[in-house]
**Student:** 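Quick one: this structure, given as structure tokens, is what I'll be asking you about.
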Protein chains: 2
Amino acid sequence: MKKKATIYDIAKELNITVSTVSRALNNFSTISDATKKAVFETAKKLNYSPNRLASSLKSGKTHTIGVIVPSMEIHFFAVVIHSIEQVLKDNGYRILLYQSSESVENEINGVKTLLEAQVDGIIASMSLETEDTSHFQVLKKQQKPLVLFDRVDENLNVPTVTLDDYKAGYLATKHLIDQGYKNIAFVTTVHQNSIFGNRVKGYKAALADHQLEIKESQIIYGGLSIKDGRYGADKLMRAEDRPDAIIAGDDYTALGVIKKLKELELTPPEIGVIGFANETFSGFITPNLSTIDQQASKMGVACAQSFINMIASENPYKKIEHTVIEPLVIVRQSTSK
Amino acid sequence: MKKKATIYDIAKELNITVSTVSRALNNFSTISDATKKAVFETAKKLNYSPNRLASSLKSGKTHTIGVIVPSMEIHFFAVVIHSIEQVLKDNGYRILLYQSSESVENEINGVKTLLEAQVDGIIASMSLETEDTSHFQVLKKQQKPLVLFDRVDENLNVPTVTLDDYKAGYLATKHLIDQGYKNIAFVTTVHQNSIFGNRVKGYKAALADHQLEIKESQIIYGGLSIKDGRYGADKLMRAEDRPDAIIAGDDYTALGVIKKLKELELTPPEIGVIGFANETFSGFITPNLSTIDQQASKMGVACAQSFINMIASENPYKKIEHTVIEPLVIVRQSTSK
DNA sequence: ATGAAAGCGCTAACAG
DNA sequence: CTGTTAGCGCTTTCAT
């Protein structure tokens with residue numbers, strides 16, 4: 001196995017210099033067509049493959065972008081990355097992947113690793129553990145694009161792509177009201193995250209807008225899981241003031257709610273149930289679960305777009321875009337009275 | 001914003017040479033502890049971050065590995081990549097991601113792009129379109145590790161990681177037999193792919209081993225989808241010789257089968273139903289779907305392991321490992337008489 | 001234990 | 001239209 005061919009080999013073969021070869025390969029207009037043709041032919045003949053490492057070292061641009069997400073096991077993140085890769089590939093970028101596993105330590109390490117690999121920028125969604133976001137500051141200092149999505153830090157002052165969670169809460173509630181439900185409860189998480197807080201705000205606003213009373217007793221703060229859903233539904237249905245509809249913090253929780261309601265022979269849509277996330281199972285359970293779609297694909301595309309805009313401008317942090325994606329209400333059986 | 005610090009800056013600061021700095025940073029035993037300490041301190045002071053590009057260019061090793069999959073939207077692939085990244089990260093490797101979108105053309109381009117990025121090797125699962133696999137040969141020629149998983153090409157003669165599909169078919173069938181089902185049908189795809197063919201072979205073998213008749217009429221060849229499942233179940237239940245259990249080619253098809261059976265008031269497990277893949281929804285539908293798990297995590301780990309073994313050996317293609325993962329029967333309501 | 005210097009493969013400023 | 005040459009940041013052989 002002989003060594004890989006370089007532009008020197010092409011140059012030698014044609015009795016020209018490497019600069020000519022380099023220019024020919026990069027299709028400079030100053031190179032004669034004849035030379036270009038010869039170069040490309042010889043390149044093919046020698047089985048030449050460019051070493052992007054070398055050009056990157058020289059130019060300082062790797063055309064590689066780092067993506068940090070908590071975990072690819074979470075379908076939402078996989079889909080976001082799917083679209084990021086699709087869009088950025090077409091723009092000549094490669095994706096270097098890093099999972100934080102919901103740990104700040106890993107996240108810090110991810111930024112470090114990616115930066116050492118000289119990525120041209122980073123698109124990230126923060127780990128749940130992350131509070132101090134100073135490790136992301138480095139990118140701003142280096143004037144390298146950083147785009148945050150879904151789990152973002154407002155204070156970081158970088159471009160973000162998020163779902164309009166307020167609106168998501170509002171729309172879920174409004175949908176239930178439109179279906180005729182009047183006493184709407186909310187099973188959510190205690191987790192201190194603006195995502196969940198904003199949904200509750202939207203919920204309250206929708207109630208207020210429709211002259212329905214906001215009762216703190218109808219908001220159950222716990223965790224988000226099937227078990228938490230069962231627990232929340234049980235608690236709500238045992239109370240004096242039974243709700244006629246329940247909004248669950250995510251689809252798993254909604255599933256738990258439905259299971260409990262079925263046991264109580266209050267199968268939705270008798271009691272309305274709506275979740276958040278539009279998990280793959282949501283359309284297949286019985287009854288089908290109405291839910292708010294997170295628009296993962298759109299988010300990915302928006303991230304890629306934001307990134308491209310930043311790269312294109314000489315000062316990436318000149319004007320900071322905050323893209324807010326509209327949530328989508330998916331109406332299914334569980335809320336269709 | 002001043003330029004990034006290099007080993008030259010550290011050297012200058014300490015009045016030593018770059019070679020010493022380089023050796024100190026790489027913890028060579030020939031460097032005195034005092035020097036090392038000084039170097040590390042100055043590195044920190046100057047906010048030094050190594051440029052891996054430069055060392056890669058020199059050493060020829062990027063510690064980056066390319067992963068090509070059809071789509072991250074397919075949860076199975078996302079989970080495999082999840083574990084590949086987890087394992088390889090601990091071994092100092094980064095993951096460069098490429099999606100083929102089930103197109104050979106993209107796949108070819110992926111290999112090219114990744115090779116130009118000088119990856120140390122590639123882990124891939126082929127697109128459904130791929131028949132000619134010569135684009136993968138390059139890696140062998142360059143003696144760079146290539147590991148294929150799930151959708152592999154036997155003729156390529158490279159390490160592979162696959163599920164034992166024969167056994168998967170066998171176990172699904174045997175499970176049904178053990179549950180007392182005696183007339184077992186199979187709804188599968190016409191697609192020419194050894195995966196599906198082997199499952200049918202396993203099915204037939206299990207029937208034979210238990211003195212049950214193999215009837216070609218009980219095997220429905222169509223597509224794999226909810227619709228195909230409905231169609232298959234309908235066809236089977238209308239026939240003279242009605243099965244008492246149905247194996248579906250994947251969980252979506254199984255879902256269709258279940259829906260049709262419910263309509264016919266033959267709700268499983270009255271008629272047994274088992275699928276393949278263990279999709280996230282399978283545990284949540286009613287009745288819960290028994291299925292064969294594809295062991296995505298194990299596959300990812302096995303891929304990473306195979307890759308590491310290849311990298312470690314001077315001749316990666318000396319002995320070619322074929323890892324076969326045992327399928328796992330997930331028993332749920334749909335087969336529990 | 002440390003230094004000097006060549007070179008990985010490519011680009012680009014300068015020269016002609 | 002093409003050649004010369006320095007250099008991107010790091011590693012490593014050969015000296016000392």
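Here is the naming used below: chain letters follow the sequence lines, and residue numbers restart at 1 for every chain.
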**Student:** If we ignore hydrogens and angles and just use 3.5 Å, is the side chain of Thr35(B) paired with the main-chain N or O of Asp33(B) as donor and acceptor?
**Tutor:** no
**Student:** What are the 5'-most and 3'-most nucleotides of DNA chain D lying under 4.0 Å from any heavy atom of chain B?
**Tutor:** dG9(D) to dT13(D)
**Student:** In whole Å, I'd like the distance from the CG atom of Asn51(A) to the P atom of dG7(C).
**Tutor:** 18 Å
**Student:** Run the side-chain contact (heavy atoms from CB on, under 4.5 Å) test against Ser49(B) and tell me which residues pass, sequence neighbours left out.
**Tutor:** Glu116(A)
**Student:** In whole angstrom, give the distance that lies between atom NZ of Lys4(A) and atom C1' of dC8(C).
**Tutor:** 12 Å
**Student:** Not counting sequence neighbours, which residues clear side-chain contact (heavy atoms from CB on, under 4.5 Å) with Asn109(A)? List them please.
**Tutor:** Tyr98(A), Lys112(A), Thr113(A)
**Student:** Ala117(B): which residues meet the side-chain contact (heavy atoms from CB on, under 4.5 Å) condition with it, sequence neighbours left out?
**Tutor:** Arg94(A), Leu96(B)
**Student:** Tell me which pairs pass ring-ring contact (aromatic ring centres under 6.0 Å, His included) where either residue lies in residues 28-74 of chain B, with sequence neighbours left out.
**Tutor:** His63(B)-Tyr93(B)
**Student:** Mind checking what makes salt bridge (Lys or Arg N to Asp or Glu O under 4.0 Å) contact with Arg151(B), not counting sequence neighbours?
**Tutor:** Glu102(B)
**Student:** Donor-acceptor pair, distance only, cut-off 3.5 Å: does the side chain of Lys140(A) make one with the backbone of Asn157(A)?
**Tutor:** yes
**Student:** Could you give the CD-to-C1' distance, from Gln118(B) to dC8(C), as a whole number of Å?
**Tutor:** 11 Å
**Student:** Classify the angle between the aromatic ring planes of Phe149(B) and Phe76(B) as parallel (below 30°), tilted (30 to 60°) or perpendicular (above 60°).
**Tutor:** tilted
**Student:** Can you list everything that forms a salt bridge (Lys or Arg N to Asp or Glu O under 4.0 Å) with Glu107(B)? Sequence neighbours excluded, please.
**Tutor:** none
**Student:** Please report how far the helix from dA1(C)-dT16(D) to dG16(C)-dC1(D) bends, comparing the axis fitted to its first five pairs with the axis fitted to its last five, to the nearest 10 degrees.
**Tutor:** 30°
**Student:** Separation of Leu57(A) atom CG from dC10(C) atom P, in whole Å?
**Tutor:** 12 Å
**Student:** Which pairs, with at least one residue in residues 11-21 of chain B and sequence neighbours excluded, count as a side chain to side chain donor-acceptor pair (under 3.5 Å)?
**Tutor:** Glu13(B)-Lys45(B), Thr17(B)-Ser19(B), Thr17(B)-Thr20(B)
**Student:** Check each residue of residues 30-47 of chain B for a non-hydrogen atom within less than 4.0 Å of any atom in DNA chain C, then write out the ones that pass by number, or none.
**Tutor:** Thr30(B), Ile31(B), Ser32(B), Thr35(B)
**Student:** Pull out every residue in residues 7-28 of chain A that has a heavy atom closer than 4.0 Å to any atom of DNA chain C, ordered by number, or say none.
**Tutor:** Ile7(A), Tyr8(A), Ser19(A), Ser22(A), Arg23(A), Asn26(A)
**Student:** So, do Ser297(B) and Val79(B) sit near enough that their side-chain heavy atoms are less than 4.5 Å apart?
**Tutor:** yes
**Student:** May I have all residue pairs that pass salt bridge (charged side-chain N to carboxylate O under 4.0 Å, His left out) and include part of residues 57-75 of chain B, sequence neighbours excluded?
**Tutor:** none
**Student:** Quick one: does any side-chain atom of Gln143(B) pair with a main-chain N or O of Pro316(B) as donor and acceptor, under 3.5 Å?
**Tutor:** no
